[in-house]
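One structure is given below, encoded as structure tokens.
Numbers here simply count residues along the sequence, with the first being 1. No experiment lies behind these values; they were computed from the predicted model shown.
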Amino acid sequence: MTDCTLCGLSTDDPVTDSGVAGTFCCRGCLEVARTLDDPAGTDPESVDSGTDPDDAEGETAFLAASGMHCATCELFVERRATSHDGIRAASASYATGTMKLTYDAEQVEADALPDLLSGTGYDVSRRRPGEEDDTEQVGRLLVGGFFGMMTMLWYVLFLYPAYLGLEVGLLDLGGTAGSYLLWNMAVMTAVVVGYTGWPLLRGAFVSLRTGRPNMDLLVAMAATTAFGYSLLAVVLGRTEVYFDVATVIVLAVSVGDYYRERVRRAAAGRLADLTAQRPERARRRTAAGTETVDRDELVPGDEVVVRPGERVPADGAVVEGTAGVDESLVTGESLPVRKAPGDDVVGGATVTGGGEPSEVRRTSSDRNSDGGEPSEVRRTSSDESAGGLVVAVGPEARSTVARLTELLWNVQSERSGVGRLVDRVAAVFVPLVVGLALLATATHLVLGAAPTDALLTGLAVLVVSCPCALGLATPLATAAGVRAALGEGVVITDGSVFETATDADVVAFDKTGTLTTGELRLLERPGDEALRRAAAVEQFADHPLAAAIVDAAQAADVAIVDAAQASDAAIVDATPGVVVEDVEHSPGRGVSGTVDGERVVVGTPELLADRGQSVPGRLADRCERARADGNLPALVGWDGRARDLVVGGDRPREEWASVAESLSAREVVVITGDGPAAAARFERHPAVDEVFAGVPPEAKAEVVERLGARGTVAMVGDGANDAPALGTADLGISLASGTKLAADAADAVVTTDDIAAVPRVFDLTQRTQRRIRENLAWAFCYNAVAVPLALSGLLNPLFAALAMTASSLLVVANSARSLGSGRDSPTREAGAGTPASAD
């Protein structure tokens, strides 16, 4: 058993080449490694095996973790996890709300991990990421909003007029009523700071514990200092208090965090959806019959019965029965494949039906005397697998779906590679502001200012420097971008899209279902007579071309046998005077039957030759050309020779070429699980720079990762097998027609099933990124002007709070402005996705 150098899949029959170092599970992986020519591809030890490089050996667990909202939280949660005996490594991602753990199962039970790791405001659970209830967060905002409103009402009615020297005569702040009012405000502000602002206080505590100052620390210092000073003032009988400063700071930042959290939750992929598609139970065959067992109880060599509509529980080989198998979920192959004894099947694939024994024959004598359904069906296989397959479990007793699930969990739980500007500047900005506040206080004391005035100067520096505008700049503009995207037919599930999409250097497209329709249709239709005869026998078959032939005949109003009357390929009366009998299936080659007393064969040239039907050279040539183009041909023969040809295939979307051309400023790549022939039409197009064909699902993510050496990579796909690649890419775009797993793994989902919307994603993100830059520019300019004023003592804490609030409101107003429509933008007309010039 050898592991593939590219995708890590084990194989008993490795493929090698003297020009490429390493061993590979298939020719597709070999060619991908040869094309990319990545030194990492020649070293098996450098391939990501699905665990972190520095992790010790042990069991792997994936958990949902809520409560994280910055890189500091990630570090704190990871350190908390590895401090427990038995947990050897941890990787957390606040962007997706997931954790990956490597632990010793002898020291720690898997079920105990959530309780062991939860605490300090972080909730770790086995539920799916993104499902955490936001009731608590909304409740904090509602409570804070109510008490904050009451506090500000008292300020407007009583405190602000008194501070401005206006004699309103409503209340004497120095009297008993004034004292009662101030204590009332102190309690209400304590609720706002302590309850609504608890996540900020916790974030500040975590930053101190980890030694990594963040914006939460600065916000918490400003709010608690304003509250603490005001509370002390009330105790000392003073009337100049700054509860409004503490209230405004906490509520402004909390609302911004709520916006950001909503975006983050949308980004969290529901990874258990793929697990749900993996059967948890299996029907194992025993000497006495069959027994239902947990899938995890299967061992190599077990034989399992899989009926039509069910998924294969584990990779293995067919030992009995024949049936069509839809492997598109895990392989990306566009066409269902008929499986017979000896054929391999992948776990997670669906048995689509058919499942006839290798041969079923009936003649007119099989019918009841009254012309109804036959009274007995003769089969050559056991009734246990009738209509399905018996599969012998392979050596690893696990499914390809399980491997895909693990790959996607790995991708989603890794720390995001997209830097957050606010997090980056926090390490320098926060200590600098604190230092300036302390310096300002000390300086004014040395210069002879009263201790109270010096303290207020320091507080003003903290307040005016409070990064509310800076903290709101990105999430509010991102929220505006998300709303604008909906109008463009695009759902943005990860705010980092607005930072990565405009920088995409490579755009990789999945072929099946993305550049093509993903549906088998007739590309070459035979004449009416050939179509009528072919449909008459094909309606009893289940191979991929059968349904397309019958649909084409019905659309052309060609009289055929009524399929609704058919039962197990028995003789059926057709339209008046038409009878089909002696239907015979030849797995992998075609089907034949007697129509109107004449033998009709539909299938491969070899099948027609075996049935005594000659094949003219022109039809044989057309058949070979169709195969070379990656399509599925079938000859139709009767009366001793092939009469016509049916060709089915997966049609390219009409708009695919224009989309590729609109992205010409970037490198356009096509990745497919189909063979080179099926991808040839794309490789020939001048807008496509490169095509990787024959890529197994496990290797798609690796291909995308290696393409990353060329720059930022965007991946466009639709299938569950594309999900790991979508997650690996810097930007993942999924079509709405694809599987839910692909949509969850993607950063953006095109809701209209129109790949023409893909260029609009790049244009939209460009406009949103411009809005983010405008917000950040204002936030930094504000600090550049306001901080020196506060340092000089010209700005007291009240006006500092008003200035800070005004700055935040300007950011909010700018974010609320329409981003405009990208459907007619010059960017799209000139080539959507072309990076804009600097703002």
Practice prompt. First locate atom CD1 of I772, then atom CG of N814, and finally report the distance between them rounded to the nearest 0.5 Å.
Written response: 11.0 Å
Worksheet item: Heavy atoms, side chains only, cut-off 4.5 Å: are W154 and M188 in contact?
Response: yes
Fill in: Rounded distance [0.5 Å steps], CZ in R140 versus OH in Y195
5.0 Å
Worksheet entry | Contact check, side chains of L117 and I87, non-hydrogen atoms, under 4.5 Å | yes
Fill in: Intermediate values then yes/no, side chain to side chain contact (heavy atoms under 4.5 Å, CB included), L116 and Y103
CA-CA 12 Å; L116 194 65; Y103 67 98; over 6 Å; no
Worksheet item: Quick one: does M185's side chain get under 4.5 Å of F147's, heavy atoms only?
Response: no
Worksheet item: Do S792 side-chain atoms and L789 backbone N/O form a donor-acceptor pair below 3.5 Å?
Response: yes
Worksheet item: If you look at every heavy atom in V241 and A233, which pair is closest and at what distance?
Response: CG1-CB, 4.1 Å
Item to complete: Applying side chain to side chain contact (heavy atoms under 4.5 Å, CB included), run through T196 and V191 and close with a yes or a no.
Response: CA-CA 7 Å; T196 304; V191 173; 5.6 Å; no
Item to complete: State the CG-OG1 distance between L731 and T765, to the nearest 0.5 angstrom.
Response: 7.5 Å
Practice prompt. Check whether any side-chain heavy atom of L113 lies under 4.5 Å from a side-chain heavy atom of L101, and answer yes or no.
Written response: yes
Discussion item. Would the distance check show the side chain of T82 and the main-chain N or O of R88 forming a donor-acceptor pair, the cut-off being under 3.5 Å?
Written reply: no
Worksheet item: Does Y180 OH have over 12 foreign heavy atoms under 6.0 Å away?
Response: no
Worksheet item: Is the closest side-chain heavy-atom distance between V234 and F243 below 4.5 Å?
Response: yes
Discussion item. Quick one: does any side-chain atom of S179 pair with a main-chain N or O of G175 as donor and acceptor, under 3.5 Å?
Written reply: no
Fill in: Exercise: identify the closest heavy-atom pair between L795 and A460
O-CB, 3.1 Å
Discussion item. If you compare all heavy atoms of L157 against all heavy atoms of P161, which two are closest, and at what distance to 0.1 Å?
Written reply: O-CG, 3.7 Å
Worksheet item: Hey, does S230 have a side-chain heavy atom less than 4.5 Å from the side chain of T189?
Response: no
Worksheet, complete the sentence: Note: A226 and A246 closest approach over all heavy atoms is CB-N, 4.1 Å
Worksheet item: Hey, what do you get for CG (L455) to NE2 (H444), rounding to the nearest 0.5 Å?
Response: 12.0 Å
Item to complete: Rounded to the nearest 0.5 Å, what's the gap from OG1 on T239 to CZ on F158? Could you check?
Response: 14.5 Å
Response to the item:
Taken to the nearest 0.5 Å, the spacing of T151 OG1 from D244 CG works out to 9.0 Å
Discussion item. Could you tell me if the side chain of L181 sits less than 4.5 Å from the side chain of L159, heavy atoms only?
Written reply: yes
Discussion item. Is any side-chain heavy atom of N775 closer than 4.5 Å to one of F780?
Written reply: no
Worksheet item: Going through the checks in order, is the side chain to side chain contact (heavy atoms under 4.5 Å, CB included) test met by V434 and M221?
Response: CA-CA 9 Å; V434 173; M221 287 186 65; 3.5 Å; yes
Practice prompt. Before giving the answer on side chain to side chain contact (heavy atoms under 4.5 Å, CB included), spell out for Y229 and L456 the whole-Å C-alpha distance, their side-chain angles and the decisive distance to 0.1 Å.
Written response: CA-CA 9 Å; Y229 173 85; L456 288 177; 3.4 Å; yes
Worksheet, complete the sentence: Nearest heavy-atom approach of A162 to L173 is CB-CD1, 3.7 Å
Item to complete: Considering non-hydrogen atoms only, spot the tightest contact between V464 and A790 and give its length.
Response: CG1-CB, 3.6 Å
